[in-house]
2 protein chains.
Amino acid sequence: MAKTAPKTRKTVRTPPVTTAALARLRDAGLRPTRQRIALAALLFDGHPYGRHVTAEMLFDEARKRGARVSLATVYNTLNQFTEAGLLRELVVDPGTSHFDTNMGDHHHLYFEDSGELRDVDAGGIEIKGLPATPRGAEVARVDVIVRLRRR
Amino acid sequence: MAKTAPKTRKTVRTPPVTTAALARLRDAGLRPTRQRIALAALLFDGHPYGRHVTAEMLFDEARKRGARVSLATVYNTLNQFTEAGLLRELVVDPGTSHFDTNMGDHHHLYFEDSGELRDVDAGGIEIKGLPATPRGAEVARVDVIVRLRRR
DNA sequence: TCAATAGATTAGAATTATTCTAACTAAAGA
DNA sequence: TCTTTAGTTAGAATAATTCTAATCTATTGA
């Protein structure tokens with residue numbers, strides 16, 4: 001094995017990988033651990049228009065990239081990210097939760113055959129005739145899901 | 001044990017219980033078994049404005065009424081009823097499916113704190129600005145879920 | 001009427017999705 | 001540096017749902 005270049009410092013530094021992901025974790029008050037950095041990088045880096053993943057999907061992806069993470073940690077992390085406002089949980093499919101990195105106000109097209117999810121910006125959409133919000137309650141969010149099937 | 005009244009016929013007849021439930025099963029082409037009759041009666045009889053149940057809820061209810069049904073059968077039956085167009089599956093909550101006896105065109109209010117679901121007739125609702133249906137696809141259904149929380 | 005057959009139905013067992021918690025790790029204070 | 005505390009991880013446990021072998025029911029033919 002080739003010898004590495006001599007160290008100029010004794011203190012070990014975390015290598016400056018995926019700065020964006022790191023900053024996100026810091027801002028959310030989550031400790032930037034190896035596992036979280038890897039998952040945040042997969043979720044957010046290089047995906048300007050958002051992603052939709054299940055825990056299983058993200059786990060497989062992490063494994064392929066050689067990250068050592070358990071499926072339980074992927075679940076825990078997705079839930080923490082959701083709690084911290086980095087992700088949004090989406091329930092379209094009985095049996096699995098999807099997580100959406102797009103935190104803007106939007107709705108979804110759901111292709112039932114393939115399972116694909118596509119965002120629809122809420123900007124151009126108007127919903128008329130919804131009943132008044134019941135006393136003592138407030139609207140947390142309105143979800144519109146257009147379910148599509150192959151014709 | 002007291003002797004029962006003498007039979008006037010040799011042929012054994014299914015007693016004329018829950019005629020409405022029975023008719024529904026017949027129309028849907030499902031064999032009216034003891035389990036299905038019991039579950040259909042619970043779901044449809046005396047609930048003119050529709051019900052929202054999970055498998056677990058219906059199972060508990062059936063047990064309380066003394067019906068001998070397994071939880072697996074409740075799942076199977078709910079799925080068969082859905083397939084047959086007697087029910088509609090509703091996914092609002094990660095982790096559980098709800099089944100809705102209201103087959104009319106409608107949307108939902110979902111109280112996140114209590115888990116309560118309330119129907120909103122689609123008649124008075126208009127959604128403007130949805131994108132064009134993609135090529136090769138057709139709209140199976142549009143779900144609007146207003147998620148409410150305690151204020 | 002009765003037995004044989006085919007197909008539908010049931011429910012215990014298996015699987016899949018998710019959460020829980022004990023062990024581990026990192027950060028903060030002395 | 002050592003100790004304490006709180007956060008984090010992942011194996012084990014749980015919850016939700018499906019699968020399939022055994023059972024039951026309806027039908028057909030004798």
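Convention: sequence-line order gives letters A, B, ...; per-chain numbering from 1.
The neighbour count for A/R26 CZ, taken as heavy atoms of other residues, nucleotides or ligands under 6.0 Å away, does not exceed 12. No more than 12 heavy atoms of other residues, nucleotides or ligands shown are found within 6.0 angstrom of CD on B/E83. Within a 6.0 Å radius of CD in A/E116, more than 12 heavy atoms belonging to other residues, nucleotides or ligands are found.
Residue contacts for A/T33: at a heavy-atom cut-off of 4.0 Å it reaches the sugar-phosphate backbone alone, with no base atom in range.
To the nearest 0.5 Å, atom CG of residue A/L30 and atom OG1 of residue A/T77 are 9.0 Å apart.
Summarising the geometry, the separation between CG on A/L25 and P on C/dA27 is reported as 13 Å, rounded to the nearest angstrom. The CG atom of B/L39 sits 13 Å away from the C1' atom of C/dA11 (whole-angstrom rounding). Here C/dT18 presents its C1' atom at 15 Å from CG of A/L58, a figure rounded to the nearest Å. Atom CG in A/D93 sits about 10 Å away from atom P in C/dT18, given to the nearest Å. The nearest whole Å value for the distance from the CZ atom in B/R68 to the P atom in C/dT9 is 18 Å. B/L30 has its CG atom 10 Å from the P atom of C/dT10, to the nearest Å. In this entry the distance linking NE2 of A/H98 with C1' of C/dT18 reads 15 Å, nearest Å. Whole-Å rounding puts the B/L78 CG to C/dT9 C1' distance at 15 Å.
In the model, B/Q80 has a side-chain atom that pairs as donor or acceptor with a side-chain atom of B/R36 under 3.5 Å.
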Could you list all N or O pairs between the protein and nucleotides 16-19 of chain D that sit under 3.5 Å apart?
residue : atom : partner : partner atom : Å
D/dA16  : O3'  : B/G95   : O            : 2.9
D/dT17  : OP1  : B/S97   : N            : 3.1
D/dT17  : OP2  : B/Y75   : OH           : 2.6
D/dT18  : OP2  : B/N79   : ND2          : 3.2

Identify each atom pair where a protein N or O and an N or O of nucleotides 4-8 of chain C are less than 3.5 Å apart, giving names and distance.
residue : atom : partner : partner atom : Å
C/dA8   : O4'  : B/R31   : NH2          : 3.1

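The stretch residues 32-87 of chain A participates, sequence neighbours left out, in these ring pair (Phe, Tyr, Trp, His ring centres under 6.0 Å) pairs: A/H52-A/H108.
Look at A/Q80 and you won't find any side-chain N or O under 4.0 angstrom from OP1 or OP2 of D/dG7. Regarding contacts with the backbone of C/dT10, every side-chain N or O of B/T73 stays at 4.0 angstrom or more from both OP1 and OP2.
Two residues are said to be in side-chain contact when any heavy atoms from C-beta on lie closer than 4.5 Å; B/I37 and B/L25 meet this criterion.
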Report the C-alpha distance between A/D143 and B/Y110 in whole Å, list the side-chain angles of each, state the deciding distance to 0.1 Å, and finish with yes or no for side-chain contact (heavy atoms from CB on, under 4.5 Å).
CA-CA 11 Å; A/D143 281 336; B/Y110 178 61; over 6 Å; no

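Using a cutoff of 4.0 Å between basic side-chain nitrogens and carboxylate oxygens, B/E112 and A/R141 are not scored as salt-bridged.
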